[in-house]
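Heads up: the structure comes next, in structure tokens.
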Amino acid sequence: MAEEVDIIDQVVGQEYKYGFTTNIEMETAPKGLTEDTIRFISSKKTEPEWMLEYRLKAFRYWQSLSSPSWQNFSYPAVDYQDIIYYAAPKEKITLDSLDQVDPELLKTFEKLGISLSEQKRLTGVAVDAVFDSVSIATTFKDQLKEKGIIFCSMSEAVHEHPDLVKKYLSSVVPYTDNFFAALNAAVFSDGSFVYIPKGVRCPMELSTYFRINAENTGQFERTLIIADEGSYVSYLEGCTAPMRDENQLHAAVVELVALENAEIKYSTVQNWYPGDKNGKGGIYNFVTKRGICLGDYAKISWTQVETGSAITWKYPSCILKGDHSVGEFFSVAVTNNMQQADTGTKMIHIGKNTKSRIVSKGISAGKSHNTYRGLVKVNKKADKARNHTQCDSMLIGDRSGAHTFPYIEINNKSAMVEHEASTSKIGEDQIFYCNQRGIGTEEAIGLIVNGFCREVLNQLPMEFAVEAQKLLAVSLEGSVG
Amino acid sequence: MLEIKDLKAEIEGKIILNGINLVVKPGEVHAVMGPNGAGKSTLSAVLAGRADYTVTGGEVSFNGKDLLEMSPEDRAREGVFLAFQYPVEIPGVSTTNFLKTAINEKRKYLGLEPMEATAFLKFMREKMELMEMDKALTSRSLNEGFSGGEKKRNEVFQMAMLEPKLTIMDETDSGLDIDALRLVSAGVNKLKDGERSFVVITHYQRLLDYIVPDFVHVLYKGRIVKSGDASLAKELEAKGYDWIKAEVEQGANT
């Protein structure tokens with residue numbers, strides 16, 4: 001046993017690979033949050049009046065709320081007046097040409113394995129890179145334009161596609177939804193905007209890469225994806241942050257709208273800085289993600305691999321409004337050391353013959369806690385709705401915890417809802433078996449954990465599946481049980 | 001190849017092995033038999049390096065190296081293979097992926113380049129034909145939902161893939177019907193090449209009809225109390241273990 005504890009303690013020595021900072025001149029809003037802060041952000045973005053109005057309404061609503069306290073984890077209260085709500089590289093960025101982007105920034109993204117320069121781009125993946133509060137560059141824009149696809153930063157969309165933004169922004173996650181959604185609506189800085197026109201199958205993966213760099217700042221991005229009738233898009237997001245001793249807040253909102261026969265596949269590889277072994281520092285990842293299948297036969301599929309953040313609190317959800325629409329949620333959440341994750345999904349069945357599927361794999365190591373929380377709701381008129389939920393937890397070591405809170409609300413007798421859950425511990429037997437075949441303990445854990453998550457990892461686009469597999473192994477380095 | 005000298009081991013303060021002596025030369029097949037609780041499975045676990053057991057005395061050398069000093073994975077990489085009595089299931093990991101990892105870990109240890117995917121698949125196909133393995137088994141999750149017979153055959157298949165110098169078979173025959181027993185034994189016999197050695201641990205003689213041992217040892221109360229050739233196994237089958245127990249008790253009293 002002593003040996004086991006030693007090995008678990010070694011996790012401590014494990015370095016977070018993306019913990020560096022970029023030295024670049026920044027322009028920031030003064031610390032704290034008042035109406036002036038919001039006016040400052042809005043004017044920085046030279047936003048139209050309607051946008052500012054929307055923000056102010058959200059802010060006033062937010063002021064009437066207090067931060068929620070029903071979650072299955074504890075954390076020191078966030079001082080919302082001690083956060084910088086806007087930070088952008090000082091140099092003016094012209095989105096049309098990468099030559100004008102500060103080389104320091106380009107280097108940062110190179111280091112993260114995201115190349116924005118024309119020659120070295122990931123083939124088949126268009127990238128929107130967001131650095132602190134602003135979008136730095138969006139690749140392959142012209143090629144996408146030919147098909148009528150809009151892929152740009154949110155700030156740009158507000159100017160260039162105001163009708164679409166006005167119509168759909170806040171339509172899935174209204175600012176009245178929750179505390180963090182209200183905060184985000186008030187102060188959101190940037191994010192990605194995607195529109196796929198009728199009948200178009202997006203020819204490449206669209207991807208946004210989020211990077212928090214500046215100190216004491218929060219990141220509040222907003223993403224809106226609209227798939228018009230009969231269209232298809234696969235979208236991925238990735239994220240990292242420097243190692244800092246204080247906690248940083250990330251409160252994003254993602255809205256997906258799938259019209260008739262459209263399909264949106266949304267994948268996340270979340271690797272925000274998790275804090276050190278004692279739980280010092282790390283990102284608070286408080287995110288609201290929701291999609292709506294507005295039309296019949298629409299489909300929304302969420303896949304997430306969550307390995308980072310000190311605290312993760314998110315429930316990517318689907319509102320299945322159209323008849324025959326489909327919602328899916330595939331999740332791997334790994335927690336180690338002092339990390340805490342409370343994540344899951346909501347599947348709201350409104351239309352007839354709607355189907356949803358939930359596969360959640362939680363892995364807890366160190367002293368971490370990993371919670372699955374999910375809601376399956378079948379409304380009165382949702383005839384023949386079907387859901388299948390599978391929740392598996394794996395424990396590594398004997399100081400971690402796994403929790404499952406499934407909520408089921410059925411208001412229609414024809415519904416078929418199934419829930420399966422399991423908890424297992426990586427067995428010494430499994431590890432010894434691997435050892436006996438010449439596989440070391442670290443590799444053995446990587447192998448066993450990847451096997452455990454295979455069903456979910458299979459959902460990721462190829463380019464990211466390999467990356468995610470490595471990430472899982474690294475996140476658990478040394479955490480032998 | 002393998003030299004065990006006065007090996008003693010215990011678990012939670014209970015002495016299980018109480019001075020084992022055994023020498024296995026290249027190409028030899030040794031059978032270790034004995035009644036329940038004699039220490040047979042403990043012997044295999046200690047040789048493979050299972051952490052539950054504490055070695056309290058003695059030495060084990062494997063091709064001149066101190067086996068007891070090595071980690072379980074290094075023992076495997078040096079060429080010790082244990083066919084488990086109860087092979088574990090690893091959900092989501094295919095036998096193919098598992099063996100590719102194992103082989104490349106071993107190659108890394110030996111300072112060799114990893115095997116390329118195509119070369120590996122070719123190698124695996126050959127071994128599958130040799131072992132008459134069902135193709136479907138290798139793409140399924142390791143041992144998951146396998147029948148007892150399939151699990152044991154998979155152990156022998158892994159042995160063929162990893163090409164060990166010494167194989168320890170821990171009651172491989174337990175739970176096998178006669179057809180599975182034949183298939184497993186045939187697989188083992190195909191791997192005999194005059195260099196490779198086997199220590200076959202079994203409770204019953206019937207396995208030894210198929211895998212014929214050069215030596216048979218009887219383990220009782222943590223010691224080898226009798227050794228002989230294949231005929232000793234037949235004698236045990238005919239007479240049971242009681243006469244040996246009696247012999248030992250008598251010896252202790254005089």
Side-chain angles (χ1 to χ4, degrees), chain A residues 1-7 305 330 332 359-363 390-394 396 420 422-460 465-466 468-470 472-473 480-481, chain B residues 12 44-45 47-53 70-110 140-144 151 154-155 157-159 161-164 166-168 170:
Chain A
M1 287 310 277
E3 192 185 348
E4 185 177 314
V5 173
D6 275 358
I7 297 171
V305 176
F330 299 96
V332 170
V359 180
S360 162
K361 306 272 181 182
I363 297 138
Q390 186 192 331
C391 272
D392 299 321
S393 309
M394 181 178 266
I396 301 177
E420 277 178 54
S422 76
T423 303
S424 56
K425 199 167 181 249
I426 282 201
E428 278 172 30
D429 284 355
Q430 286 176 322
I431 292 174
F432 181 67
Y433 190 86
C434 295
N435 288 160
Q436 212 301 306
R437 299 300 185 247
I439 301 169
T441 300
E442 300 272 289
E443 290 78 9
I445 288 181
L447 201 66
I448 295 165
V449 166
N450 272 300
F452 176 70
C453 302
R454 195 167 69 164
E455 225 178 319
V456 173
L457 297 178
N458 282 350
Q459 298 292 328
L460 287 176
V466 178
Q469 274 185 34
K470 280 191 215 146
L472 285 187
V480 179
Chain B
E12 289 161 3
S44 67
L47 291 177
R50 189 149 195 143
D52 310 352
Y53 298 92
M70 286 185 230
S71 66
E73 55 270 32
D74 283 350
R75 297 181 198 200
R77 293 161 185 165
E78 287 284 343
V80 176
F81 183 93
L82 172 63
F84 284 75
Q85 184 177 3
Y86 304 109
V88 300
E89 302 185 356
I90 306 185
V93 178
S94 67
T95 303
T96 308
N97 186 16
F98 180 74
L99 282 172
K100 187 159 184 263
T101 309
I103 284 180
N104 284 335
E105 287 286 310
K106 181 177 175 179
R107 290 178 69 90
K108 195 159 84 188
Y109 176 82
L110 298 174
R140 274 164 59 185
S141 290
L142 188 70
N143 291 328
E144 199 185 24
K151 280 184 187 174
N154 196 20
E155 291 292 289
F157 171 62
Q158 289 182 42
M159 186 204 305
M161 289 292 289
L162 292 166
E163 305 183 312
L166 171 71
T167 295
I168 303 159
D170 185 12

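Per chain, numbering begins at 1; letters A, B, ... match sequence-line order. All figures in this text were calculated on a predicted structure; none of them were measured in a lab.
Taking CE from Met161(B) and CZ from Arg437(A), the interatomic distance works out to 12.5 Å, rounded to the nearest 0.5 Å. In this structure, OG1 on Thr441(A) lies 5.0 Å from CD on Glu73(B), to the nearest 0.5 angstrom. For the atom pair Tyr433(A) OH and Glu155(B) CD, the distance stands at 3.5 Å (nearest 0.5 Å). Within the model, atoms CZ of Arg50(B) and CG of Asp429(A) stand 4.5 Å from one another, a figure rounded to the nearest 0.5 Å.
In this structure, the portions of Gln436(A) lying under 4.5 Å from any heavy atom of chain B include both its backbone and its side chain. Using a 4.5 Å cut-off between heavy atoms, Gln158(B) contacts chain A through its side chain alone, with no backbone atom that close. Within the 4.5 angstrom heavy-atom criterion, only side-chain atoms of Leu142(B), from C-beta onward, approach chain A. If you measure heavy-atom distances from Leu82(B) to chain A, the contacts under 4.5 Å come from both the backbone and the side chain. For Ser71(B), no part sits under 4.5 Å from any heavy atom of chain A, backbone or side chain. Neither the backbone nor the side chain of Pro164(B) comes within less than 4.5 Å of any heavy atom in chain A. With a 4.5 Å cut-off on non-hydrogen atoms, Asp52(B) touches chain A through its side chain but not through its backbone.
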Check residues 447-457 of chain A and write down every donor-acceptor pair under 3.5 Å in which the side-chain atom is one partner and the other belongs to a residue at least two apart or another chain.
| residue | atom | partner | partner atom | Å |
| --- | --- | --- | --- | --- |
| Asn450(A) | ND2 | Gly446(A) | O | 2.9 |
| Arg454(A) | NE | Gly92(B) | O | 3.3 |
| Arg454(A) | NH1 | Gly92(B) | O | 3.4 |
| Glu455(A) | OE2 | Arg357(A) | NH2 | 3.3 |

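Looking at Cys434(A) and Ile90(B), their side chains come closer than 4.5 Å, going by heavy atoms from C-beta outward. Between Phe98(B) and Ile439(A) there is a side-chain heavy-atom pair separated by less than 4.5 Å.
Contact between Ala76(B) and Gly438(A) at its shortest, heavy atoms only, is CB-N, 3.4 Å. Nearest heavy-atom pair across Pro72(B) and Phe432(A) is CB-CE1, 4.1 Å.
When each of Lys108(B), Glu105(B), Lys106(B), Glu78(B) is scored by its heavy-atom pairs under 4.5 Å with chain A, the top score falls to Glu105(B). Interface check for chain A: of the options Arg77(B), Glu89(B), Arg75(B), the most heavy-atom pairs under 4.5 Å are formed by Arg77(B). Interface summary for chain A: among Phe84(B), Tyr86(B), Tyr109(B), the most heavy-atom pairs under 4.5 angstrom belong to Phe84(B).
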